[in-house]
Every structure is written in structure tokens, then in C-alpha cells.
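Read through the structure below, which is laid out as C-alpha cells, and then see the notes.
Since we're looking at a predicted model, the values are computed, not measured.
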Amino acid sequence: MTTAVFPGSFDPMTWGHVDIATRARSMFSKVVIAVAHNSTKTPLLDLETRVALAKRATQPLDGVEVVPVEGLLVDFCKGIGAGVIVKGLRGGADYDYERPMALMNRSLTGIETVFITGDNALSHVASSLVRDVARHGGSIGRYVPDGVVDAVAAALAAERAR
């Protein structure tokens, strides 16, 4: 039984993320979506909301669970006995960004990273772009699972109120 960890900030969860989780589950016995804080980013949605939205989006997927994670990803993976890290790639820039992390994770603990090429129909969908479209009043409904539109709108309203 191989457990794979699919990490990310999921700010917000998109259909691209669901696609990668679904295909990872077809390859591994269990997929743990690790909702993390990225120290280089300031999230729009708080951790609790991101976890709840990821759980809602992946609820139909048997063998997929969602958990918050802090600290080093490799320590989390070791703690749950995960054998692999899964990362989704939309294009070459994603590979260039992810490759050094995969090499560092392998150097630290020996854990391998498996890259899954995202669905070409979703290759333009990125959380940062979804946030930007929403921030400028555009419609994001076709890019995100149920519940995300309302959560993003509420977070943007709170951001504007500050």
C-alpha cells in the first residue's frame, strides 16, 4: 500500500487540483492532500477554509484525505509513512519551479517526487490567476469546485474592508 502526499497551498482549490488528486489516486492506494502554508505567499483564504474547501471538492474520491500541515513536508511524509510526493505540472515553468524542491526532498530523506502532467484543458488554471480574476470582478465559477466562489468573494470583501 503506497501513500502519496499531494502538497500545496490550495489558495483556492481549483479543478486542476482535483484532476491531479483524481489521477494520483488511480496510481496510489491513498492520497493525502497536505494543505500547507507557503512562506513565500500571503494566502487569501485562511488554512481552515482551504482545508474545508479541499475536503468538499475531493469528498467523492475514495482513498483521498485532506489534512493541514506545518513544517517540513518531508517530516510530514515520514510521519505518515508516505512513499512518494505528487506534484502537478501545467507546463515547463512548473517543472523548473518544482524540480529543485523534489531534489531537496530526496536529498533530505530519500522520498521521491512523481510529476503528473495536468489536463491540457486546465493548463491555464492557476490559483493565483483565479484570485486575480476574482479580485478584479471576473467570474471564476468554471475554474473552481462548489463553495470556492463564495469563499473567495467573502475573503475579498473582508480584505477590502480592512
Side-chain angles (χ1 to χ4, degrees), residues 1-90 94 97-98 101-102 105 109 111 113-116 118-119 122 125-135 139-162:
M1 181 173 185
T2 302
T3 297
V5 173
F6 175 25
S9 55
F10 304 101
D11 185 37
M13 176 67 92
T14 69
W15 285 121
H17 295 130
V18 175
D19 171 58
I20 297 300
T22 301
R23 291 194 290 121
R25 178 57 184 92
S26 75
M27 293 183 265
F28 302 103
S29 304
K30 180 179 179 182
V31 174
V32 177
I33 296 176
V35 182
H37 170 70
N38 183 330
S39 61
T40 65
K41 298 178 183 178
T42 302
L44 173 64
L45 303 172
D46 63 49
L47 182 63
E48 182 178 298
T49 301
R50 289 181 283 135
V51 168
L53 290 171
K55 284 182 179 180
R56 181 175 177 178
T58 59
Q59 187 276 326
L61 302 175
D62 187 42
V64 174
E65 73 174 88
V66 179
V67 297
V69 64
E70 291 191 31
L72 285 177
L73 178 62
V74 291
D75 292 339
F76 173 76
C77 291
K78 188 176 181 181
I80 66 166
V84 67
I85 295 169
V86 168
K87 295 290 191 112
L89 300 179
R90 291 171 302 216
D94 284 351
Y97 177 79
E98 296 291 350
M101 285 188 283
N105 289 336
T109 64
I111 194 165
T113 300
V114 172
F115 296 111
I116 298 176
D119 185 331
L122 299 168
V125 179
S127 293
S128 59
L129 293 175
V130 167
R131 288 191 310 272
D132 197 43
V133 168
R135 192 169 267 123
S139 174
I140 61 170
R142 66 181 171 189
Y143 308 115
V144 297
D146 291 342
V148 174
V149 171
D150 291 340
V152 167
L156 289 172
E159 188 178 78
R160 284 186 208 104
R162 285 185 225 137

So do the side chains of [X] and [Y] get within less than 4.5 Å of each other, counting heavy atoms only?
{"X": "Leu129", "Y": "Tyr143", "result": "no"}
{"X": "Thr109", "Y": "Cys77", "result": "no"}
{"X": "Arg135", "Y": "Leu156", "result": "yes"}

Heavy atoms of other groups near Arg160 CZ, more than 12 under 6.0 Å
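Yes.
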So which heavy atom on [X] is nearest to which on [Y], and how close?
{"X": "Ala102", "Y": "Phe115", "answer": "CB-CZ, 3.9 Å"}
{"X": "Pro43", "Y": "Asp11", "answer": "CA-OD2, 3.1 Å"}
{"X": "Gly141", "Y": "Trp15", "answer": "O-NE1, 4.4 Å"}
{"X": "Phe6", "Y": "Ala21", "answer": "CE2-N, 3.9 Å"}
{"X": "Ala57", "Y": "Val18", "answer": "CB-CG2, 3.9 Å"}

Set of side-chain contact (heavy atoms from CB on, under 4.5 Å) partners for Leu72, sequence neighbours left out
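Partners of Leu72 under the side-chain contact (heavy atoms from CB on, under 4.5 Å) test: Val74, Asp75.
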Please name all residues satisfying side-chain contact (heavy atoms from CB on, under 4.5 Å) with Val133, sequence neighbours left out, ordered by chain then number.
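So Val133 forms a side-chain contact (heavy atoms from CB on, under 4.5 Å) with Ile140.
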Spacing of [X] atom [atom1] and [Y] atom [atom2] [to the nearest 0.5 Å]:
{"X": "Met13", "Y": "Leu53", "atom1": "CE", "atom2": "CG", "result": "8.0 Å"}
{"X": "Glu98", "Y": "Ile85", "atom1": "CD", "atom2": "CD1", "result": "10.0 Å"}
{"X": "Ile33", "Y": "His17", "atom1": "CD1", "atom2": "NE2", "result": "9.0 Å"}
{"X": "Ile20", "Y": "Asp119", "atom1": "CD1", "atom2": "CG", "result": "8.5 Å"}
{"X": "His37", "Y": "Leu47", "atom1": "NE2", "atom2": "CG", "result": "9.5 Å"}

Under-4.0 Å salt bridge between Asp46 and Arg50
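No, Asp46 and Arg50 are not salt-bridged.
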Not counting sequence neighbours, list each pair that qualifies as a salt bridge (charged side-chain N to carboxylate O under 4.0 Å, His left out) and has a residue in residues 64-74.
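Output for this query lists Lys30-Glu65.
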Residue of the set Val66, Thr49, Val67 for which side chain to side chain contact (heavy atoms under 4.5 Å, CB included) holds with Val35:
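With Val35 as partner, side chain to side chain contact (heavy atoms under 4.5 Å, CB included) holds for just one option, Val66.
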Apply the side chain to side chain contact (heavy atoms under 4.5 Å, CB included) test between Val5 and each candidate in Val84, Val69, Val31, Ile80; give the one that qualifies.
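Single pass found, and it is Ile80.
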Check: [X] side chain, [Y] main-chain N or O, donor-acceptor pair, under 3.5 Å:
{"X": "Asp94", "Y": "Arg90", "answer": "yes"}
{"X": "Ser127", "Y": "Pro12", "answer": "yes"}
{"X": "Arg23", "Y": "Ile116", "answer": "no"}
{"X": "Arg131", "Y": "Ala134", "answer": "no"}
{"X": "Asn105", "Y": "Met101", "answer": "yes"}

Lys55: what forms a side chain to side chain donor-acceptor pair (under 3.5 Å) with it, not counting sequence neighbours?
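Applying side chain to side chain donor-acceptor pair (under 3.5 Å) to Lys55 gives none.
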Contacts of Glu48 that satisfy side chain to side chain donor-acceptor pair (under 3.5 Å) - sequence neighbours left out:
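Applying side chain to side chain donor-acceptor pair (under 3.5 Å) to Glu48 gives none.
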Applying side-chain contact (heavy atoms from CB on, under 4.5 Å) to Arg25 and Leu61, what does each step give before you reach the verdict?
CA-CA 8 Å; Arg25 178 57 184 92; Leu61 302 175; 5.5 Å; no
Pair Glu159, Leu44 - check side-chain contact (heavy atoms from CB on, under 4.5 Å), show working.
CA-CA 8 Å; Glu159 188 178 78; Leu44 173 64; 3.6 Å; yes
Among all residues two or more places apart in sequence or in another chain, which pass the salt bridge (Lys or Arg N to Asp or Glu O under 4.0 Å) test with Arg56?
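With neighbours one apart ignored, the set is empty.
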